[in-house]
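Working notes, structure below.
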There are 2 protein chains.
Amino acid sequence: MHFDDKIPIYYQIKTHIYHEIIMGTLQPGEKLPSVRQLALDVTANVNTVQRALSEMIAAGIIDSKRGKGNFVTMDETKITDLKTQLITEQVARAYQQLHALNLSDEEILNSLKHYMTQRGNVE
Amino acid sequence: MHFDDKIPIYYQIKTHIYHEIIMGTLQPGEKLPSVRQLALDVTANVNTVQRALSEMIAAGIIDSKRGKGNFVTMDETKITDLKTQLITEQVARAYQQLHALNLSDEEILNSLKHYMTQRGNVE
DNA sequence: AATAGTGTAATAGGGAAATAGAACACTAGT
DNA sequence: ACTAGTGTTCTATTTCCCTATTACACTATT
């Protein structure tokens, strides 16, 4: 797994698993790989994985069952809320960053559209 | 100054000053506050500020003159290039993050538009 | 009971970031 | 010459992140 050395690894693992849950790669109620297997998958330490999981457990997205495994919550409302929250965070942060670069709303939209067309042509 | 504890302070200082240059708060050729004053302004250590400045100096955006001060480059091309670079980085990162949440191009645009209208009504 | 596979916790050590403090190098004004 | 204000560099210390290792607690299977 590719890590941005500017951001703590445990945080990037958490984001990565959140994405898998939201994309449906991990379904509600589904069992996650064991912490030891996850550690191998992302080439990080068990403790680092555990720290990421702890935060997701505290957030109610993951249910931890000692001796059995970690499971994605069955509560689909929580997942929907999580998705909304992550999207809003991303959009808000991007908007504020670009606004801080003196771009108007229209310029921000145009930059994004331009990026999309560029990207579309390359693939 | 507000810091995100997930990202190194020196890096956030650098971004902050870059924004001031691009917005024109700091004009080409203008003298920056002294490193000691900057440290007070952002409530960080002189060494941390110096580290941020070192990277901007290396990038050719800041000219350092020992005994006199730090100055924004007179080369406006470099500033224009910097702006383009930062915009592209922000747009690309936001797009990729939202794309990773399974949003189509259209949905990404709509999320942004929605955020803008919401924001517009509040202010 | 024994074993293997889980989550959980504790310890010890290394490294990067940030701080505090001091010192050095240069410039300008007095 | 002196002094004050600059950038620059160095050392020491602290804190957080990450790793490695070990141990403990629980579950299911045999």
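Chain identifiers are assigned alphabetically (A, B, ...) following the order of the sequence lines, protein sequences preceding nucleic acid strands; residue numbering begins at 1 within each chain.
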Separation of dT6(C) atom C1' from Gln50(A) atom CD, nearest Å, is 11 Å
Taken to the nearest whole Å, CG/Leu53(B) to P/dT6(D) is 14 Å
- Item | Side-chain donor/acceptor of Gln12(B) to backbone N/O of Asp4(B), under 3.5 Å | yes
Side-chain donor/acceptor of Arg36(A) to base of dG5(C), under 3.5 Å: no
Nearest-nucleotide check on DNA chain D, Leu32(B) vs Asp5(B); residue mapping nearer the 5' end is Leu32(B)
- Message: On the nucleotide dT8(D), are OP1 or OP2 found under 4.0 Å from the side-chain N or O atoms that Ser54(B) carries?
- Response: no
Testing dT21(D), dT8(C), dA17(C) for proximity to the side chain of Asn70(A), the answer is dT8(C)
Looking at dT19(C), I'd like to know if its phosphate oxygens (OP1 or OP2) sit under 4.0 Å from a side-chain N or O belonging to Thr48(B).
yes
Just wondering, are more than 12 heavy atoms of other shown residues or ligands nearer than 6.0 Å to CD in Glu76(A)? no
Between Lys68(A) and Tyr11(A), the residue closer to the 5' end of DNA chain D by nearest nucleotide is Tyr11(A)
From CG of Asp63(B) across to C1' of dT6(D) the rounded distance in Å is 16 Å
Lys31(B) NZ to dT27(C) C1', in whole Å, measures 12 Å
Taking every heavy atom of Met23(A) against every heavy atom of Leu101(B), the minimum-distance pair comes out as CG-C, 4.4 Å
Asn45(A) atom CG is separated from dG13(C) atom C1', nearest whole Å, by 13 Å
To the nearest angstrom, the CD1-P distance between Ile57(B) and dG7(D) comes to 9 Å
Lys6(B) NZ to dC16(D) P, in whole Å, measures 12 Å
List the steps, then state whether side chain to side chain donor-acceptor pair (under 3.5 Å) holds for Arg93(B) with Gln90(B). CA-CA 5 Å; Arg93(B) 206 172 47 66; Gln90(B) 290 300 328; 3.3 Å; yes
Of the candidates dG7(D), dC17(D), dT8(C), the side chain of Arg66(B) sits closest to dG7(D)
5'-most contact on DNA chain C (nearest-nucleotide basis), Ala44(B) vs Gly67(B), goes to Ala44(B)
**Check: Asn47(B) side chain, dC10(D) base, donor-acceptor under 3.5 Å** = yes
Here the distance between atom P of dA17(C) and atom CD of Gln12(B), to the nearest Å, is 13 Å
Here the pair of heavy atoms bringing Ala39(B) nearest to Asn45(B) is CB-C, 4.0 Å
Just N and O in the side chain of Ser64(A): are any of them under 4.0 Å from OP1 or OP2 of dT8(C)?
yes
